[in-house]
2 protein chains.
Amino acid sequence: MNLKELAAKLGLSPTTVSRALNGYPEVNESTRERVMAAAKRHNYRPNTRAIRLATGRAFAIGHVIPLASRHEIVNPIFADFIAGAGETYSRNGYDMVLSVVPDENEEDAYRDLKARGSVDGMILHAPLMNDPRIALLHDVGLPFVVHGRATGADLPYSWVDVNNRRAFLRATEFLLDLGHTRIGLVNGLEHMDFAIRRRSGYADALTARGITPDPALMSSDEMTEVSGYRAAGRMLDLPYPPTALLAASMISGMGARRAVEERGMEMGRDISIIIHDDDLSYMKNGEDVPIFTATRSSVREAGRLAAEMLLGLVADSAMGPQTRMLEAELIIGQSTGPAPRPAIPKG
Amino acid sequence: MNLKELAAKLGLSPTTVSRALNGYPEVNESTRERVMAAAKRHNYRPNTRAIRLATGRAFAIGHVIPLASRHEIVNPIFADFIAGAGETYSRNGYDMVLSVVPDENEEDAYRDLKARGSVDGMILHAPLMNDPRIALLHDVGLPFVVHGRATGADLPYSWVDVNNRRAFLRATEFLLDLGHTRIGLVNGLEHMDFAIRRRSGYADALTARGITPDPALMSSDEMTEVSGYRAAGRMLDLPYPPTALLAASMISGMGARRAVEERGMEMGRDISIIIHDDDLSYMKNGEDVPIFTATRSSVREAGRLAAEMLLGLVADSAMGPQTRMLEAELIIGQSTGPAPRPAIPKG
DNA sequence: AATCGGTTTCAAACCGCTTTGGATGGCATA
DNA sequence: TATGCCATCCAAAGCGGTTTGAAACCGATT
């Protein structure tokens, strides 16, 4: 059942039927009701493909997901962001199209999405320092929103981000207040912008208390269980080990915990751990009682917000760049406690 | 740059240009080369919206993701499956459209995708026992592939699945061979088909050795860290606790480990744990040395296979239902060992 | 020279909707 | 009665491709 058939059944022109269904004013109310009723009765749904061609709009938002080397993105955090964003899209009648491509084709993927007219806007994931994709997307000319920020990007752009710097600053201060002075950072990959901001928050907090950040206590790697485990292990085996750790995610935190427990230490007593908690549906930081003390900010909510922002930009192309900064809460759990008596160098 | 403009530049008709680009035989080879070159030079990309309308095909595959109650799906496993499938789609010039909807709208979501012509086929995720969606998708009439199987579905359908029953059967036998007789099962939600199959593999292995499965040693819940922790904790606190556990995923396994370590026990010595390892990119079961002994099967690979199968069905609608059973490997890690001397009931 | 089969090209219809630019009719106003 | 203005409806022209049916051209055959 298409528009023409429906119009024929009603003895009206396709024009009028189309207008009636789309709420245009130049159609008699009684006619409109008749049309609406007939549409419902015949279970008429306009063909999206035709609408898309006729309007020149895709009613879809694109997410490009590079594989391989920067597969930073195939991670649980991504699933939650997508869930949040996708929810917003379907509520607004938009599709979400995911383009999963090898790293080297990423640029093409954005251009393709635009050139082939598959989407009306895009979300840029996991921005790097001086991320070239910002300029690329400007060049491509579709509205876009960045999940995160890209230090060094000189062009203006819309973003939704957590205040990573402040979160890690506060977490570090919290540990300092508990008497810890040897604090390790199990960071994400530091070409990722968020990781840089986190490190600067951490370092600034230390410096402000007269402590020089010790390179041996800073690691940077993917946020997997295994690398959390290894990074924490290396630090714990230092002659002068840390009494507290900051971990980049729930997952690296679990790796760190494994390293801690393997050494017969107890979390919260022998060593304090604070993680950044993205509040993942499938990786909750405990239920009533948090497992880890954490800086928490829901990435799913970030997905929702980014999607809303983008739909706004798509609707009103005159709108300038929007930004939204989210603050993480500091959640006190069982993994932190006062610093144990000053550690004595081993060996 | 559209087809008409390109044709004008070449002094050819749109017909010929279209045919040249699409590899039709009725065009002179030298003309084809000229067209190809011009297309590349002017960076011509056919407008997808127009192709879709003209051909009546969407060149897209749909995945419906229910939120809320059955958010079983917003989990790390999903991200990896998507990555695998998405990879296949983009290699074949297909888009992946994700429809994230509240549970109660799931049925509509499938019908909409079809009625509006947004996709050429769909993947059905996380099938339940007697899943009504199988009949629904038959009714909708688009090709589809199920990731998993749905016990009780009487209609034929295409699927890609791991042999969950055999995996858990083998894992249980492995533990039995090590002398364990009290073996706990930390299962996923048992309205999910895969969870049922796993339990039957577990139970059958026990029964075959003359052990009656003990309800107190079987739990069923979401595959989160917290529920793994709680389920394992409950079993360990039993008067006659298990000496081995089977966990449904890496994540619930980590929860189980937390419960174990919290009780001062050592994994692999005081208690053996085997998990099912979906080989997630972001949740690797160790690197050289596996953390857990595990039944392993890559869900990402499953995504690739399901996508390939579906594209095949889309291309040839006459093709009957296809099926593909994957076998899990048993990976020996550090989390298993011989059963400790027979446990003495506590208290 | 006329006919023919094969190759190559093209004009035009079509996919199903939106949207522009009238046309029509009714009613109030001059 | 003629005029103008609304309100309502419609025909037709897109949107940018694909595809059908036919035309043009070619050398080869009669």
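What's counted below: heavy atoms across the whole structure, side chains too, no hydrogens, waters or symmetry copies. In the text below, chain A, chain B and the rest are named by the order of the sequence lines, each starting its count at 1.
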For this session: Please state how far atom CD in A/Glu29 lies from atom C1' in D/dC9, giving the value in whole angstrom units.
Result: 15 Å

For this session: Rounded to the nearest angstrom, tell me the gap between atom CG in A/Leu3 and atom P in D/dC10.
Result: 12 Å

Seminar exercise, completed: Exactly one of A/Asn105, A/Leu142, A/Leu136 clears side chain to side chain contact (heavy atoms under 4.5 Å, CB included) with A/Tyr110, and that residue is A/Leu136

For this session: Would you indicate what B/Ile51 reaches in the nucleic acid, counting non-hydrogen atoms under 4.0 angstrom: base, sugar-phosphate, or nothing?
Result: sugar-phosphate

Exercise. At under 4.0 Å, does any side-chain N or O of A/Tyr24 touch on OP1 or OP2 of D/dC9?
Worked result: no

For this session: Could you tell me whether B/Thr31 contacts a base, only the sugar-phosphate backbone, or nothing, with contacts defined as non-hydrogen atoms closer than 4.0 Å?
Result: sugar-phosphate

For this session: Let me know the distance between CD of A/Glu26 and P of D/dC5, rounded to the nearest Å.
Result: 19 Å

Problem set entry | Separation of atom CZ in A/Arg57 from atom P in D/dG14, rounded to whole Å | 22 Å

For this session: Round to a whole Å and report the spacing from OH of B/Tyr44 to P of D/dG17.
Result: 4 Å

Exercise. Taking OP1 and OP2 of D/dT8, is either one under 4.0 Å from a side-chain nitrogen or oxygen of A/Asn28?
Worked result: yes

For this session: Report yes if at least one side-chain N or O of B/Ser18 is closer than 4.0 Å to OP1 or OP2 of D/dT18; otherwise report no.
Result: yes

Problem set entry | Quiz item: A/Thr15 side-chain donor-acceptor pair to C/dT18 base, under 3.5 Å | no

For this session: Return no unless some side-chain N or O of B/Thr55 is found under 4.0 Å from OP1 or OP2 of D/dG17.
Result: no

For this session: Considering just the side-chain nitrogens and oxygens of B/Thr16, establish if one lies under 4.0 Å of OP1 or OP2 belonging to C/dT8.
Result: no

For this session: Report yes if the distance between the aromatic ring centroids of A/His63 and A/Phe78 is under 6.0 Å, otherwise no.
Result: no

Exercise. Considering heavy-atom distances to DNA chain C, does A/Asn22 or B/Gly11 have its closest nucleotide positioned more toward the 5' end?
Worked result: B/Gly11

Exercise. Roughly, in whole Å, what's the span from CG in B/Asn47 to P in D/dG16?
Worked result: 6 Å

For this session: Please state whether the rings of B/Tyr157 and B/Phe144 are parallel, tilted or perpendicular, taking 30° and 60° as the class boundaries.
Result: parallel

For this session: Could you check how far CG of A/Leu10 sits from C1' of D/dT8, rounded to whole Å?
Result: 16 Å

Problem set entry | Whole-Å gap separating P (D/dT18) and CZ (A/Arg49) | 14 Å

Problem set entry | Any donor-acceptor pair under 3.5 Å from B/Asp279 side chain to B/Arg300 backbone | no

